[in-house]
Amino acid sequence: LKQVTPLEMGIKYFEMYPEDKEPVWQDPCVYKRHLQIWSANKSCDRLPKFLVVGPQKTGTTALYKFLQIHPAILANYNSPDTFEEVQFFNGNNYHKGIDWYMEFFPVPATLPLISYPAKRAYSWYQHMQAHGDHIAGNYTFHEIITAPDSAPRKVRELRNRSLIPGIYVQHLQKWLEFFPSRQIFIIDGGRLKSNPVAVMHNVQRFLHIEPHYDYNDYLRFDSKKGFFCQVSSTNKSDCLGRSKGRHYPPMNETSVEFLKQFYRKNNVALSKLLSKHKYRIPDWLETELSD
Ligand code: A3P
């Protein structure tokens with residue numbers, strides 16, 4: 001029998017089982033064994049009670065801001081790099097561990113957002129252009145979304161990042177593998193834009209938030225912005241920044257048609273998945289499928 005230091009043991013272990021290098025963090029508060037070895041200074045109350053899940057350009061910032069109005073809801077601190085999004089589950093930050101993640105929450109659940117995928121793709125393209133993305137600046141939206149597999153890598157990357165996040169059925173299926181549908185409240189991004197008061201009413205009911213806030217008192221349509229904005233203490237409109245709710249020309253008809261075809265199969269599957277789990281079909285999906 002040979003004795004080695006814990007560090008040596010760790011190195012040896014990962015040499016033998018390289019697939020284990022990818023950690024799978026679990027909620028320490030659910031697993032008794034984890035809880036026993038967890039520092040007494042840490043509290044389960046620090047982990048979030050609910051998550052908002054949605055790709056870029058589905059209205060996540062608006063929802064974040066509206067939720068913050070409610071005194072019973074505390075949001076995560078902003079990250080210096082990614083602002084209101086912690087971006088823990090989707091990249092390298094995941095390797096920093098659960099303690100790193102917990103630091104984003106002041107004190108003590110899932111809200112996925114799905115908006116019309118074609119609009120999301122177009123909004124995302126506008127976002128990339130506004131951020132000075134070289135490829136988005138040199139190729140039209142139509143060229144990007146219809147780029148063939150023989151196109152340069154960077155163009156294909158942009159095409160994929162524009163199209164794939166809108167395949168909501170794939171993402172939702174994964175969430176439903178691990179969480180029962182009663183724990184997942186789905187928000188129609190289009191409704192969040194057109195009727196945030198009703199959406200916030202339903203979100204509060206789902207989360208059992210008390211006291212119940214009537215968002216009619218806190219949100220008002222701002223005709224200059226073209227969106228609902230928060231009403232400030234001096235009765236002014238406190239709208240989201242310029243990068244949210246941009247003004248750009250409508251999508252051209254050929255792109256509209258292309259995207260309709262592109263998303264059709266997935267949208268049919270999405271509608272079946274939503275019906276199976278007794279979710280309301282979003283307005284955009286209803287329209288899309290009746291076409
Ligand atoms: P556009 O700027 O293309 O219109 P996210 O914050 O997830 O990146 O989403 C940005 C989108 O949120 C905006 O895309 C806009 O359509 C939508 N949105 C929804 N409600 C809004 C609001 N009250 N004010 C501004 N943008 C809002």
Side-chain angles (χ1 to χ4, degrees), residues 50-70 75-76 78-79 81-91 110-133 136-137 140-142 144-145 158 161-168 171-172 185-203 213-232 236-252 255-256 259 282-284:
F50 67 92
L51 307 175
V52 175
V53 180
Q56 264 179 309
K57 314 315 288 178
T58 50
T60 48
T61 311
L63 184 65
Y64 174 81
K65 190 143 188 224
F66 298 164
L67 283 167
Q68 275 188 315
I69 294 175
H70 201 292
N76 55 279
N78 273 4
S79 147
D81 309 317
T82 53
F83 311 104
E84 74 270 11
E85 296 159 20
V86 181
Q87 301 221 350
F88 176 63
F89 295 99
N90 60 341
T110 306
L111 301 180
L113 284 173
I114 51 177
S115 19
Y116 185 38
K119 270 197 182 165
R120 193 217 75 85
Y122 190 47
S123 163
W124 186 80
Y125 169 80
Q126 301 294 338
H127 178 73
M128 295 311 278
Q129 257 196 350
H131 278 256
D133 181 274
T140 64
F141 177 61
H142 198 72
I144 294 289
I145 55 174
L158 211 66
R161 289 184 64 199
S162 161
L163 297 177
I164 292 172
I167 307 180
Y168 302 127
H171 309 298
L172 190 59
F185 181 74
I186 297 175
I187 295 174
D188 172 353
R191 282 198 106 207
L192 181 67
K193 267 188 218 173
S194 61
N195 194 351
V197 171
V199 170
M200 295 313 290
H201 171 82
N202 292 335
V203 166
Y213 260 41
D214 182 357
Y215 273 76
N216 275 309
D217 300 337
Y218 304 97
L219 302 177
R220 183 172 61 201
F221 187 77
D222 183 283
S223 47
K224 200 160 149 236
K225 175 85 179 167
F227 282 90
F228 278 81
C229 299
Q230 194 175 335
V231 182
S232 77
K236 295 219 170 76
S237 281
D238 180 7
C239 300
L240 298 189
R242 268 195 303 151
S243 66
K244 307 287 171 185
R246 291 192 174 96
H247 295 281
Y248 40 79
M251 209 190 298
N252 68 50
S255 299
V256 171
L259 290 172
D283 299 339
W284 60 262

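Remember, it's 1-based here, ligands and their atoms both numbered in the order they're listed. Hydrogens, waters and symmetry mates are skipped; everything else that's a heavy atom, side chains included, is used.
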Which value, rounded to the nearest 0.5 Å, describes the distance between [X] atom [atom1] and [Y] atom [atom2]?
X: L172; Y: I167; atom1: CG; atom2: CD1; result: 13.5 Å
X: I114; Y: H171; atom1: CD1; atom2: NE2; result: 11.0 Å
X: N252; Y: F141; atom1: CG; atom2: CZ; result: 8.5 Å

Self-check item: Close side-chain approach of M200 and F228, heavy atoms under 4.5 Å
Solution: no
Please confirm whether [X] comes within less than 3.5 Å of ligand 1 when only nitrogen or oxygen atoms on both sides are compared.
X: E84; result: no
X: T58; result: yes
X: F228; result: yes
X: G245; result: yes
X: G59; result: yes

Practice problem: Mark yes when over 12 heavy atoms from residues, nucleotides or ligands other than K65 sit less than 6.0 Å from its NZ; otherwise mark no. | Solution: yes
Quiz item: Is ligand 1 under 4.0 Å from a heavy atom in the side chain of S123, in the backbone, in both, or in neither?
Solution: both
So is [X] touching ligand 1 or not, going by heavy atoms under 4.0 Å?
X: Y64; value: no
X: Y248; value: yes
X: K57; value: yes

Show the nearest heavy-atom pair for residues [X] and [Y], with the distance to one decimal.
X: S255; Y: H142; answer: OG-ND1, 2.8 Å
X: K225; Y: K244; answer: NZ-O, 2.5 Å
X: Y168; Y: S115; answer: OH-O, 2.6 Å

Nearest to [atom], what protein heavy atom do you find, and at what distance?
atom: atom 6 (O) of ligand 1; result: T61 OG1, 2.6 Å
atom: atom 20 (N) of ligand 1; result: A62 CB, 3.5 Å
atom: atom 19 (C) of ligand 1; result: K193 CG, 3.3 Å
atom: atom 18 (N) of ligand 1; result: F227 CE2, 3.8 Å

Exercise. Ignoring hydrogens, just give me the one of L219, T60, V52 whose non-hydrogen atom is nearest atom 7 (O) of ligand 1.
Key: T60
Practice problem: Could you check whether the rings of Y122 and Y248 sit parallel, tilted or perpendicular, using 30° and 60° as the cut-offs? | Solution: perpendicular
Quiz item: Checking side-chain contact (heavy atoms from CB on, under 4.5 Å) against C229, which of L240, L219, D222 comes through?
Solution: D222
Practice problem: Could you list the atoms of ligand 1 found under 4.0 angstrom from a heavy atom of F66? | Solution: 23 (N)
Self-check item: L240 neighbourhood, listing ligand 1 atoms whose heavy-atom distance to it stays under 4.0 Å
Solution: 24 (N), 25 (C)
